[in-house]
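Some notes on the structure that comes next.
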Amino acid sequence: MDDNPYLAHLPPFQRGAVHSSSSSSSEKEPLFGFLPRKVKGEQMDDFLELFSKNQIIVMVGETGSGKTTQIPQFVTYSDLPHTKGKLVACTQPRRVAAMSVAQRVADEMDVQLGKQVGYSIRFEDMTESGTTFLKYMTDGMLLREAMSDTELSRYSTIILDEAHERTLATDILMGLLKTLAKRRKDLKIIVMSATLDAVKFQSYFSLHDSAAGEEPSPAPLFKVPGRTHPVEVFYTQEPEPDYVEAAIRTVLMIHRAEDPGDILIFLTGEEEIEDACRKIKIEADDLLNADPSSVGPLMCVPLYSSLPPQQQQRIFDAAPKPSQPGYPPGRKVVVSTNIAETSLTIDGIVYVVDPGFSKQKVYNPRIRVESLLVSPISKASAQQRAGRAGRTRPGKCFRLYTEKDFMSELEEQTHPEILRSNLANAVLELAKLGIKDLVRFDYLDAPAPETLMRALELLNYLAALNDEGELTALGGVMAEFPLDPQLAKMLIVSPEFKVSNELLTITAMLSIPNVWLRPPNQRAAADQAKAMLTVPEGDHLTLLNVYNNYSQNKDDRNWAWNNFLSARALAQAENVRAQLLRTMEKYDVDVISLEDERKRNIGIRQALTCGFFMQVAHKEGEKGSYLTVKDNQVVALHPSCGLDTQPEWVLFNEFVLTKRPYIRTVTEVKPEWLLEYAPVYFDLASFPDGETKRALQRVANRRRGASNGGEEPRPKKKLKN
DNA sequence: GAGCACTGC
């Protein structure tokens, strides 16, 4: 942080000083005797004045301004939260950021991390109650806290950092804080963002006294200059028809003609990146062989999130040495997804190649499907990418589109997540937060009404919200689980089928990334290993089987590897499972199991039905195509599906829209269960006409005929429906 | 007979 403009103005904040100014009775509460002091430096004076006079301020600071480490410290000095038994919170969209910034600030303040300065992220609370007064945390964590304390009464100041990223959690927190500020006049709020969004935040948080009929005045703005180097931007003369090919060509052009310095290229996904790396390597080797005295060696490194951490580390390796002493130095090329745009910073990048695309999540509320689409990036995103070239010295950014397209075709901002997501989870959270009218909630950007309707509808069918849209007791418990509503529901009802121990595992396995590995050169072996673990009744049972085998083979360090499974993902599942288990214990959800394997598997499939009855497909004809119930989407079983037959009725975890519409992670269900466990959703009187309805009608008639002669075990207690 | 932008609880 030596390029930090604030550092010179920092007051001494040392443990020694604290002890000398503390009385013996306050030894346990360090800094208690600490008084606010006048600190040199105009910037800090200006900030403190603004902070003391306003409840809400908006702050903009370019990258390299040090706002994330410095502003929370200024606030702490001014606010002295510990004298009021309160804390200053600073939220981050990502865990690593919360952890690493907390560490830096603890170092700067010369205190031990986890004492006066701490952090709080999922699975790890590095704070000490009564001692910590400055806490970095993920935005999701603060949102969770708000669900149990809607006043956020532990905090004297809340700083929302990186607000311009507009994560779902930050957006909900902003709405919440805007309302809370009216009730809690003692609560201070700082919204920190990149420059482009400031005006929007200022007017959202505008102060107005509606009683006095005043015109709203925008929230005050505080600006901090950045400390980055200039980046020269180049555009192409004509649009590029093939951006991957153009990117490769540009890299080689830079390699031949430009001064030493590493290159960062943005592409959209794993396959594209691996492919581009191969091609760049071949071309660069040709160049080197043809004329080793005029070009240096080139090293090409892929970067995307599903890459094992060890391989991700390679982006920090130094560029290769010259092929011979006195020859041109080598160059490192990192070919990355958007992960290098915000999450990971690579020093030494001087050239950025930006084709102008990324994969973005889009949500279609009509068919209730989230999918990934390669789309043009926004101007803000392009600017962020360019900035990656100027971190250590002046750089260059090559945009593979025309300046005209940049000006007229790109959107100013990437659409915030709240406009691109299924909001079932968010709506349940809002209900738990006590928001009565979810449609009229003061969103910074209001989601499409249809998206909200879809979420409300799902939660109502799951009995998390009643017909008036109010949170039910069941919904209240569901919100306590860090899970999608369907998963929370099935986990909570699973004791009624005596299979909650199994559902706990399945839920954990469904909450983590894909566990199956399939290296390109060992596909057959990987498929064989998978077949060994497959349970033909359904993929959910297969996931359970995988986890149980993993648990039983804990002594064998190579078990996951030998079975072509991701050890990292399995370890995550174990973590998630432990967390869910704690939540179950807290809310008295019994963890029980059935001895008999056949009964157990039936119970599991029945419990799954209680959460996923809206994600059921019915086989149509003999060609193996399925129709989703009610939505009537034609879907196929995903090729990864382990069912050995094509059952008439299946429940699926996921609808994926890739080359074709697929349903993934699929288990056979009985139509009787649909009628029994989801009678409202499967009310035949209001069911759309079609083959599915006729099939259900036949089952319903049969059930009415046969009085209580069902061969399947029934749950003892009545379901909480 | 496919895939996995990224993050968070």
Side-chain angles (χ1 to χ4, degrees), chain A residues 91-98 120-125 137-148 162 165-173 266-274 302-308 336-344 357-362 370-375 377 381 384 414 416-418 420-421 425-426 428-429 432 478-485 487-488 507-508 511-520 523 526-527 530 566 569 572 575-576 579-580 582-583 624 636-642 654 656-664:
Chain A
T91 68
Q92 297 293 320
R94 283 166 292 278
R95 286 187 212 158
V96 270
S120 175
I121 59 175
R122 188 183 187 180
F123 306 125
E124 200 184 358
D125 182 9
M137 66 204 298
T138 45
D139 48 13
M141 257 338 246
L142 186 62
L143 193 56
R144 279 252 131 221
E145 279 193 23
M147 290 196 311
S148 53
E162 313 288 1
E165 288 193 27
R166 304 291 306 275
T167 66
L168 202 40
T170 298
D171 265 29
I172 294 175
L173 280 170
F266 288 99
L267 291 178
T268 67
E270 170 175 349
E271 200 182 325
E272 213 173 74
I273 288 170
E274 293 292 353
L303 177 64
Y304 43 89
S305 76
S306 61
L307 209 59
S336 172
T337 61
N338 253 7
I339 194 170
E341 197 180 297
T342 46
S343 307
L344 272 169
F357 292 94
S358 70
K359 276 192 192 168
Q360 286 166 35
K361 186 171 70 182
V362 286
E370 282 180 345
S371 47
L372 287 171
L373 220 64
V374 174
S375 325
I377 61 170
S381 191
Q384 177 75 11
T414 310
E417 211 183 349
I418 199 167
R420 297 185 287 118
S421 308
N425 221 340
L428 182 60
E429 282 165 1
K432 179 81 179 182
M478 282 168 63
E480 295 292 341
F481 286 87
L483 294 171
D484 280 342
L487 293 169
T507 306
S511 306
I512 50 135
N514 181 24
V515 289
W516 309 101
L517 300 178
R518 205 164 178 251
R523 285 188 179 176
D527 291 349
K530 186 175 177 186
S566 160
Q572 279 178 47
N575 251 338
V576 173
Q579 189 191 29
L580 294 175
R582 286 195 296 275
T583 312
L637 299 181
H638 194 270
S640 66
C641 174
E654 239 182 332
V656 287
L657 201 60
T658 47
K659 288 188 178 158
R660 294 167 57 188
Y662 285 110
I663 50 177
R664 192 160 55 190

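Just the heavy atoms: all of them, side chains too, but no hydrogens, waters or symmetry mates, feed the values below. Here is how names work: the chains are called A, B, and so on, in the same order as the sequence lines, proteins then strands, and each is numbered from 1.
When every heavy atom of A:Ala526 is checked against every heavy atom of A:Leu517, the shortest pair comes out as CB-O, 3.6 Å. Of all the heavy atoms in A:Pro482 and A:Gln579, the pair that sits closest is CG-OE1, 3.6 Å. The two atoms that bring A:Ile512 and A:Ala569 nearest to each other are CD1-O, 3.4 Å, heavy atoms only.
Counting non-hydrogen atoms under 4.0 angstrom, A:Lys361 reaches a base of the nucleic acid. Counting any heavy atom pair closer than 4.0 Å across all strands shown, A:Ile339 reaches sugar-phosphate atoms only and no base atom. In this structure, A:Asn514 reaches the bases: a heavy-atom distance under 4.0 Å links it to at least one base atom across the strands shown. Counting non-hydrogen atoms under 4.0 angstrom, A:Arg664 reaches the backbone sugars and phosphates but no base. A:Thr138 comes within contact range of the sugar-phosphate backbone alone, with a heavy-atom separation under 4.0 Å but no base atom that close. Using a 4.0 Å heavy-atom cutoff across all strands shown, A:Ser306 reaches at least one base atom of the nucleic acid. Using a 4.0 Å heavy-atom criterion, one finds that A:Gln360 contacts no nucleic acid atom at all. Residue contacts for A:Ile121: at a heavy-atom cut-off of 4.0 Å it reaches the sugar-phosphate backbone alone, with no base atom in range. Residue-level contact check: A:Arg166 touches neither bases nor backbone, having no heavy atom under 4.0 Å from any strand. In this structure, A:Arg94 reaches the sugar-phosphate backbone alone: every heavy-atom distance under 4.0 Å involves primed, P, OP1 or OP2 atoms, never a base.
Remark: P of B:dG8 and CG of A:Asp484 are 16 Å apart, rounded to the nearest angstrom. Atom CG of A:Leu483 and atom C1' of B:dG8 are 13 Å apart (whole Å). Between A:Leu657 atom CG and B:dC4 atom P there is a gap of 12 Å when expressed in whole angstrom units.
For A:Arg523, counting side-chain heavy atoms from C-beta on, the closest listed nucleotide (B:dG3, B:dT7, B:dC4) is B:dG3. Residue A:Ser343 has its side chain nearest to B:dT7 when only B:dC4, B:dG1, B:dT7 are considered. Proximity note for A:Tyr662 (side chain, C-beta onward) versus B:dG8, B:dA2, B:dC9: the nearest is B:dA2.
Within the 4.0 Å cut-off from OP1 or OP2 of B:dA2, not a single side-chain nitrogen or oxygen of A:Ser640 is found. OP1 or OP2 of B:dG1 has not a single side-chain nitrogen or oxygen of A:Arg660 nearer than 4.0 Å.
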Working note: A:Thr342 + A:Gln384, criterion side chain to side chain donor-acceptor pair (under 3.5 Å); need CA distance, chi angles, decisive distance, verdict.
CA-CA 8 Å; A:Thr342 46; A:Gln384 177 75 11; over 6 Å; no
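Along DNA chain B, the nucleotide closest to A:Pro482 and the one closest to A:Asp527 are compared, and the more 5′ of them pairs with A:Asp527.
Atom CZ of A:Phe266 is separated from atom OG of A:Ser381 by 8.0 Å, given to the nearest 0.5 angstrom.
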